[in-house]
Undergrad: 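Before we start, here is the structure in question, set down as structure tokens.
What you see is a predicted model; the values in this text were computed from it and never measured. Residue numbers begin at 1 in each chain, while the letters A, B, ... track the order of the sequences.
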Amino acid sequence: MATRAASEVYKKKLLDRFSDALIDSIAGFMNKIRPGWKVRNQARVDEWKLMFYAFNRSPLGIAGAILVLAFLLLAIIGPWVAPLSYDTSLALCNQQAYLAPPKTTVTIPGGCEALGVKPGNYTLYLGGDSFGRDLGSRMLFGARTSFVVMIFVLLVGPWIGIGLGLISGYFGGSTDELIMRTTDIFLVFPGLILAIAFSAVLPSRISGFLASHHYVSLFFLHLFSLKIQHEGSLASLLSVIIALWIVWWPGYARLVRGMVLSEKENTYVEAARALGIPSRSILVRHIMPNISGPILVYLSLDSGGVILTEAGLSFLGVGAVPPIADWGRIIYDGSQYFPNAWWLIFFPGLAIFLTVLGFNLLGDVLRDVLDPRTRRSIEFKLKKEIEVGEEQ
Amino acid sequence: MAELRRFLIRRFLTFIPTLIGVTFIVYLIAAVVPANPARLWAGGQKANPQVIAMLVKEYHLNDPFYVQYYYFMKGFLENSMVSPVTGYKVWYEVKTYMPVTIQLTLISFVFILLIGIPLGIISALKKDTWIDATIRVVALVGVSVPIFWLAYLLIFLFFTKLGWITLSGTPTPPYSITGIPLIDSILKLDWHTQWEIIKRYWLPGIILAYPGIGVIARLVRNSFLDALGADFVDYVDARGLPKSQRYRHVLKNAMVPIITVLGLQFGGLLAGAPITETIFGLPGIGRFMLTSIYSFDYLSLMGGVFIIALIYMTVNLIVDILYALIDPRVRY
Amino acid sequence: MRCKDPIIVVKDLYVYFYTYAGIVQAINSVSLEICRGETYCLVGETGCGKSVTSKALTRLIKPPGRIEKGEIYYYPEPGKKIDIRKLSEEELRELRGYEISYIFQDPSTSLDPLYTLGYQVAETMAFHKVVHNIKDGIRKAVVVLKNAMMPDAETRVKAYPHELSGGLKQRGAIGISLANQPRLLIADEPTTALDVTIQAQIMDFLRKLKEKEGLTLLLITHNMGLVAEMCDTVAVMYAGEIVEEAPVEILFKNPMHPYTKGLLKAVPVHVGKKVTLQSIPGTVPNLIFPPPGCRFHPRCSYKFDPCDKKRPPMIEVEENHKVACWLYEKKG
């Protein structure tokens with residue numbers, strides 16, 4: 001029994017086969033670039049499969065994954081499938097579009113081609129805003145804004161903290177003291193205010209940079225799916241990203257430092273040291289893999305957190321500037337027409353809520369899945385199914 | 001006791017570098033502003049050059065940043081620093097706006113305690129039932145919902161539809177002990193003012209508290225279960241102690257992690273206050289800091305940040321003291 | 001009936017645990033008698049059900065565990081019979097810690113870290129109305145701890161568990177358990193977590209205490225040396241069943257069950273010549289799907305026809321020497 005691979009032992013559901021295929025293809029790929037990888041890492045691959053089996057048995061986790069994937073898909077294809085652009089003001093052609101309630105059909109006569117709108121009937125399924133722009137289309141563009149900001153924040157912010165936490169925890173002494181005191185200062189500083197302050201003062205600096213580095217500007221224009229005439233707004237979006245880097249690292253520094261301190265107590269670290277393995281190697285090859293589980297959970301939970309904070313910032317008027325589509329900003333602009341034009345608040349808020357809920361569900365279940373005890377219990381359950389099955 | 005005093009002194013001494021650091025960050029932010037702040041303060045493009053020259057002199061804007069910082073801190077600590085935008089002394093402004101935020105966060109904090117802790121305990125006692133699952137989902141929703149959206153939904157329900165809340169100002173009581181009407185009215189047993197304040201603050205309070213309620217409910221559940229599963233609980237049962245005594249042991253042990261996180265939550269409330277204050281039009285320190293940022297009034301901003309940081313550190317100090325009081329294994 | 005005056009009689013006891021992995025048949029038809037005043041030992045490997053049996057005596061089994069079936073009688077005095085399974089929760093509570101006390105394996109986890117030793121002694125007395133209140137109890141705790149051989153008991157009363165060494169903690173725990181002068185003391189591996197020298201001291205103390213107070217001791221251990229030294233009667237458990245029971249000299253001289261023989265071969269005996277330790281091949285079976293018939297048969301070298309089909313009955317092979325093994329069926 002013990003010699004059989006995980007994939008052969010358990011009774012599997014459709015999702016399990018799917019996740020198995022995914023992991024096998026990754027393993028196959030690794031094996032191609034590094035021959036012999038598969039044999040060396042068989043145990044790890046089996047454990048990954050087991051993690052997915054545990055995940056596949058959690059309805060909440062699957063719900064979270066579906067939410068996240070759905071909104072990610074919207075963020076990717078949204079700008080292409082949106083019926084209208086984020087800045088198309090139908091109200092200029094037909095007053096009916098002004099604060100149009102959901103499912104209003106607006107007829108656009110000829111002569112409005114300058115707006116980029118062909119004559120015809122347009123149904124605003126989620127309603128229109130005070131410029132007669134289609135809320136549904138704007139929300140599709142808004143998904144792109146949220147996800148791009150989130151990804152760029154998480155690509156940098158937490159890693160600054162993780163790096164500092166590793167150094168601080170491993171080396172201790174005055175290095176630790178210096179890093180931790182600095183971390184304390186940032187933790188004590190009210191985060192939202194810090195982010196807003198940086199988002200408010202950074203744009204002028206960044207627009208100078210963008211003006212001299214046109215290719216960077218173009219790259220982000222495409223990423224955010226903005227029109228070239230809104231290039232000026234890029235600076236404020238990028239400021240939010242940088243501001244969130246500044247806010248997002250201290251928590252990770254604390255967390256990682258604590259984990260490193262407890263890992264350091266383990267004999268395997270002592271053994272590695274006694275063998276004369278260099279510090280950097282111990283940190284990266286021995287300690288990092290052992291603390292990557294909780295970090296992954298935090299990253300997942302924080303994906304939602306960044307989206308929530310970014311929406312909060314644009315709700316307070318920093319970050320996305322009109323006419324850029326951003327969920328928080330749409331709510332901010334729509335709040336003037338509350339409660340009559342309720343849709344301007346309800347739908348974007350719902351989108352933020354569901355996206356963040358998705359990430360939180362995912363993170364929550366990931367925490368369970370990464371806990372070896374949960375995995376063992378799944379293993380038991382599956383084996384039992386097999387054994388009962390064999391007896392019958 | 002001597003140990004406690006040494007501990008307090010040591011902790012207060014760490015306040016100083018942290019506060020210097022915090023105010024310095026504000027300075028750093030100001031340093032990022034490329035335009036001449038004096039011009040902005042004096043009214044932008046059309047500003048009178050004489051006024052600008054006066055402001056530059058007054059705030060030492062032509063000196064290196066550390067000289068500027070020195071004069072600022074000096075003025076700040078001597079209470080002679082005047083905001084170039086509002087014309088008020090920075091401390092006076094802080095004193096004006098602070099009570100609102102303190103009332104808001106205190107009411108929120110009470111909500112966290114009164115709702116979060118019982119929910120967590122119920123969840124733990126009814127582990128793995130539909131009640132537990134519901135509370136878990138409520139907690140997850142709590143950390144996922146954008147509070148400004150929740151605020152509008154609830155305003156729509158309670159204000160527009162039901163008319164249960166008021167969005168107007170609250171009466172200022174004629175007396176002042178602490179300067180915070182909520183606390184003063186409790187001390188004076190003035191239930192009328194008390195009721196007026198609560199009527200105005202309960203909705204913003206609960207909205208600000210909602211994410212924290214979720215966090216605390218989850219934490220209470222988990223630490224309660226951890227404590228229930230401990231060996232000493234078996235021994236309490238084996239010694240034939242009554243149920244009440246058993247929960248006494250469990251609760252005290254579960255309190256240890258909860259108190260730490262409650263301290264952090266208080267900081268979270270202070271940090272989240274700007275959004276709630278903006279939506280409900282409450283003239284608190286959060287909104288004051290936002291206004292200061294928009295008008296590049298970093299002197300006022302520094303005042304606000306200073307006081308928030310001070311409160312946050314004090315709360316955490318109290319947490320550490322409580323922690324040491326509950327858990328004899330913790331040394332000062 | 002082995003005893004003329006039993007203190008505990010257990011008949012045909014079954015305890016199951018309902019886990020996610022399946023129903024664990026932890027105790028399977030266990031019957032035993034403990035005579036008043038003797039030291040009765042339960043021996044066996046980890047996980048064989050010794051602890052569960054001892055906890056079942058006062059129904060301390062917690063969910064997911066449940067006593068399925070069986071009778072448990074307690075005789076506080078000769079001739080006075082109490083049916084443990086029919087007692088109410090409150091009656092049971094009064095019994096535990098007052099008439100029947102426990103000492104658990106690891107004193108560092110069985111004592112509540114947040115309360116002083118004195119408090120934990122005092123509450124054990126106070127809730128059994130031995131003293132009027134906790135305060136009173138703390139005063140009396142000094143005497144109790146002194147009786148438990150605690151050096152410097154006056155200051156140790158105020159000590160928290162983390163301030164004591166392992167041996168002192170266990171003495172404290174023994175003090176707590178003996179505070180109400182119970183009739184039956186159940187010591188579940190009381191010295192496993194301690195140093196060898198302290199083991200000897202504590203065992204010595206328990207033996208003296210028994211002589212002095214006329215207490216009955218149920219000792220649970222996997223240490224055969226301890227069994228030889230302490231016990232009057234020994235019951236060997238394997239996989240949730242008692243496989244052999246005999247007075248200690250007889251068992252050591254003439255072990256009959258193959259498992260007991262294996263157990264004794266796994267102990268170094270100093271008889272002058274060199275001995276080789278032998279281990280019993282195989283592992284403890286999974287009690288969700290226990291082996292049919294005799295639960296030991298997969299590891300037994302004497303296995304023959306009926307072993308894997310029918311459960312062997314308890315056979316009295318000589319006076320007071322009972323064994324559950326098919327090998328002795330015809331002899332009996």
Undergrad: So, taking the atom named CZ in A/Phe189 and the one named CZ in B/Phe306, what distance separates them when rounded to the nearest 0.5 Å?
TA: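 So the CZ of A/Phe189 and the CZ of B/Phe306 are separated by 12.5 Å.
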
Undergrad: By a 4.5 Å heavy-atom criterion (distance strictly below it), what part of B/Ile308 contacts chain A: side chain, backbone, both, or neither?
TA: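 It is the side chain, since no backbone atom gets that close.
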
Undergrad: Between A/Ala200, A/Pro339, A/Pro348, which residue shows the highest count of heavy-atom pairs closer than 4.5 Å to chain B?
TA: A/Pro339

Undergrad: Any residues in residues 349-363 of chain A near chain B, with a heavy-atom distance under 4.5 Å, and which are they?
TA: A/Gly349, A/Leu350, A/Ile352, A/Phe353, A/Val356, A/Leu357, A/Asn360, A/Leu361

Undergrad: Let me see the working for B/Tyr298 and A/Val201 under side chain to side chain contact (heavy atoms under 4.5 Å, CB included), right down to the final yes or no.
TA: CA-CA 11 Å; B/Tyr298 59 84; A/Val201 298; over 6 Å; no

Undergrad: When heavy-atom pairs shorter than 4.5 Å are enumerated against chain B, which of A/Ala311, A/Gly328, A/Gly305, A/Gly208 gives the highest number?
TA: A/Ala311

Undergrad: Between A/Tyr332 and chain B, with a heavy-atom cut-off of 4.5 Å, which part of the residue counts as in contact: side chain, backbone, both or neither?
TA: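 Interface part for A/Tyr332: neither.
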
Undergrad: Nearest 0.5 Å please: distance from the CG atom of A/Leu192 over to the CE atom of B/Met289.
TA: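 The distance works out to 9.0 Å.
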
Undergrad: Of the listed residues (B/Gly21, B/Pro17, B/Gly272, B/Ala273), which shares the most heavy-atom pairs with chain A below a 4.5 Å separation?
TA: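 Answer, by heavy-atom pair count under 4.5 Å with chain A: B/Gly21.
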
Undergrad: Just verifying a value: how many Å separate A/Ile193 CD1 and B/Ile25 CD1, rounded to the nearest 0.5 Å?
TA: 13.5 Å

Undergrad: Step by step, would you call A/Phe186 with B/Val22 a side chain to side chain contact (heavy atoms under 4.5 Å, CB included)?
TA: CA-CA 7 Å; A/Phe186 277 88; B/Val22 163; over 6 Å; no

Undergrad: What is the minimum heavy-atom distance between B/Leu301 and A/Ala197, and which atoms define it?
TA: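 Residues B/Leu301 and A/Ala197, closest heavy atoms: CD2-CB, 4.5 Å.
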
Undergrad: Show, in sequence, the C-alpha distance, side-chain angles and deciding distance for A/Ile345 and B/Leu153, and conclude whether the side chain to side chain contact (heavy atoms under 4.5 Å, CB included) test is met.
TA: CA-CA 9 Å; A/Ile345 287 178; B/Leu153 294 185; 5.7 Å; no

Undergrad: Around atom OH of A/Tyr298, are there more than 12 heavy atoms of other residues, nucleotides or ligands at under 6.0 Å?
TA: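 Atom OH in A/Tyr298 is not crowded, with 12 or fewer foreign heavy atoms closer than 6.0 Å.
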
Undergrad: Would you mind checking which part of B/Thr18 comes under 4.5 Å of any heavy atom in chain A, side chain (CB onward), backbone (N, CA, C, O), both or neither?
TA: both

Undergrad: Could you tell me which portion of B/Leu19 (side chain, backbone, both or neither) has an atom closer than 4.5 angstrom to a non-hydrogen atom of chain A?
TA: neither

Undergrad: Going through the distances and angles, do A/Leu187 and B/Met313 end up as a side chain to side chain contact (heavy atoms under 4.5 Å, CB included)?
TA: CA-CA 10 Å; A/Leu187 282 174; B/Met313 286 191 289; over 6 Å; no

Undergrad: Do any of residues 142-152 of chain B have a heavy atom less than 4.5 Å from a heavy atom of chain A, and if so, which, in residue order?
TA: B/Val143, B/Ser144, B/Val145, B/Pro146, B/Phe148, B/Trp149, B/Tyr152

Undergrad: Do A/Pro190 and B/Leu270 come within less than 4.5 Å of each other through their side chains, counting heavy atoms only?
TA: no

Undergrad: Could you grab the distance from atom CD1 of A/Ile185 to atom CD1 of B/Ile20, nearest 0.5 Å is fine?
TA: 9.0 Å

Undergrad: Can you establish whether the number of heavy atoms outside B/Tyr97 located under 6.0 Å from its atom OH is more than 12?
TA: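 No, the 6.0 Å shell around OH holds no more than 12 heavy atoms from other groups.
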
Undergrad: Hey, mind stepping through A/Asp184 and B/Arg11 against salt bridge (charged side-chain N to carboxylate O under 4.0 Å, His left out) and telling me if it holds?
TA: CA-CA 13 Å; A/Asp184 277 350; B/Arg11 282 295 297 267; over 6 Å; no

Undergrad: Any chance you could measure B/Ile275, atom CD1, to A/Phe315, atom CZ, to the nearest 0.5 Å?
TA: 7.0 Å

Undergrad: Answer whether the closest heavy-atom distance between the side chains of B/Tyr294 and A/Leu316 falls below 4.5 Å.
TA: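 Yes. Closest side-chain heavy atoms under 4.5 Å.
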
